[in-house]
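Order of the sequence lines sets the chain letters (A, B, ...), proteins ahead of strands, with each chain counted from 1.
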Number of protein chains: 2
Amino acid sequence: MKKIDILKKLRSSGLRPTKQRVEIAKFLFEREKTFHFTVESLNKLLTKKSISKIALATIYNTVHAFKAAGHLSEVEVRGNKTYFDTNVSNHHHFYDSETAELIDIDANDIIIQKIPKAPNGKKIKNVEVFINLKN
Amino acid sequence: MKKIDILKKLRSSGLRPTKQRVEIAKFLFEREKTFHFTVESLNKLLTKKSISKIALATIYNTVHAFKAAGHLSEVEVRGNKTYFDTNVSNHHHFYDSETAELIDIDANDIIIQKIPKAPNGKKIKNVEVFINLKN
DNA sequence: ATCTAGTTTATAATTGTTCTAAAGTGAAAA
DNA sequence: TTTTCACTTTAGAACAATTATAAACTAGAT
């Protein structure tokens, strides 16, 4: 993804393309593979990479803004930290608790044959499959 | 589950049946249906129910001890709070984000037909299906 | 160039959880 | 029984992740 597209992406979702947002967006979206992170890990990586220090609060703000705009998804992971994913399409995850690492699973790689119907007046929003790994 | 069984349950897992543990265990395990809770919600319910106040730290200690003994499981739920479940068998969950409520799904009510193989030297520990509900 | 609503920032506040160390207590041994 | 002591409980401090606050800053319209 090119820088011009980053600016479009931000503008089209009503986000003023500030220096910080562009920097974070480039870091997150200018890559081939999907990227999983926590705010803590993102902060560390950004600090290492850039000259200008971005405040932690800004990283929180930005990640939430990107999520609200549909550019990031939040992953179902047990534990205290919140994991985000640059892959916003419907998909699933492996989780390696040894390394606290997430790995995407394409939606087509899991087929669910039988599923219970939603309770009393509720509907199914989405189905997430989470595969815990061991060594 | 009767009180005598509660005592057995505690003793057999190497947990000294103290007043607090017995009280919490009775509250959690002497019921028909499985019970989902966070430490916060459990604390509120216990405070409402009992004469004697149990310290929050004790509730944390006890819940962790019960989990370590295999009497409770921790549920995969996104967010900051940790959810526990008195159902320790292999099963799945509906999650109603409106009410922040979990509903058990029996393992037999979901059949997965196709599943990817685990990456590089890893094995699959378990598969958790999480069905998000909407209205 | 000026203005202003939206943004960033440092810091405080909040929330969920764990740690600490002192006081209390089951239950085994005397 | 009483004594003893490792295991528990407890209040409060400490910690970690996140959110709120309010002052300074800035993108972009006027």
Side-chain contact check for I54(B): nearest option of dT8(C), dT9(D), dT10(D) is dT10(D)

Between CD of E40(A) and P of dT18(D) the distance, given in whole Å, is 8 Å

**Report entry** Pair H91(B), D104(B): side-chain N/O donor-acceptor within cut-off below 3.5 Å
**Finding:** yes

Atom CG of N80(B) and atom C1' of dT14(C) are separated, to the nearest Å, by 11 Å

Whole-Å distance, K67(B) NZ to dT17(C) P, equals 12 Å

### Task
Consider only side-chain N and O atoms of D85(A) and H36(A), and report whether a donor and an acceptor are under 3.5 Å apart.
yes

Distance check: side-chain N/O of T38(A) vs OP1/OP2 of dA17(D), anything under 4.0 Å? no

Whole-Å distance, L15(A) CG to dA5(C) P, equals 19 Å

- With no hydrogens and no angle check, do the side chains of K123(B) and N135(A) hold a donor and an acceptor under 3.5 Å apart? no

F66(A) CZ to dT7(C) P, in whole Å, measures 11 Å

When rounded to whole Å, the NZ to P distance for the pair K81(A) and dT17(C) reads 15 Å

In terms of hydrophobic clusters joined by side-chain contacts under 4.5 Å, are I131(B) and V127(B) together? yes

Note to self: So does N108(A) get a backbone contact from the side chain of K114(B), meaning a donor-acceptor N/O pair under 3.5 Å?
What the structure shows: yes

ring-ring contact (aromatic ring centres under 6.0 Å, His included) filter on F130(A), not counting sequence neighbours, yields Y95(A)

When rounded to whole Å, the NZ to P distance for the pair K44(A) and dA17(D) reads 9 Å

Rounded to whole Å, the OH-P distance (Y83(A) to dA17(D)) equals 10 Å

Between F84(B) and G14(A), whichever has its closest DNA chain C nucleotide further toward 5' is G14(A)

I'd like to check F66(A) versus F29(A) (side-chain heavy atoms, cut-off strictly below 4.5 Å). Are they in contact?
yes

Quick tally for nucleotides 18-30 of chain C: nucleotides whose base has a protein heavy atom under 4.0 Å get B, sugar-phosphate-only ones S, the rest -, giving BB-----BBS---

> Using a cut-off of less than 4.0 Å, is there contact between a side-chain N or O of Q20(A) and OP1 or OP2 of dT26(D)?
Replying inline: no

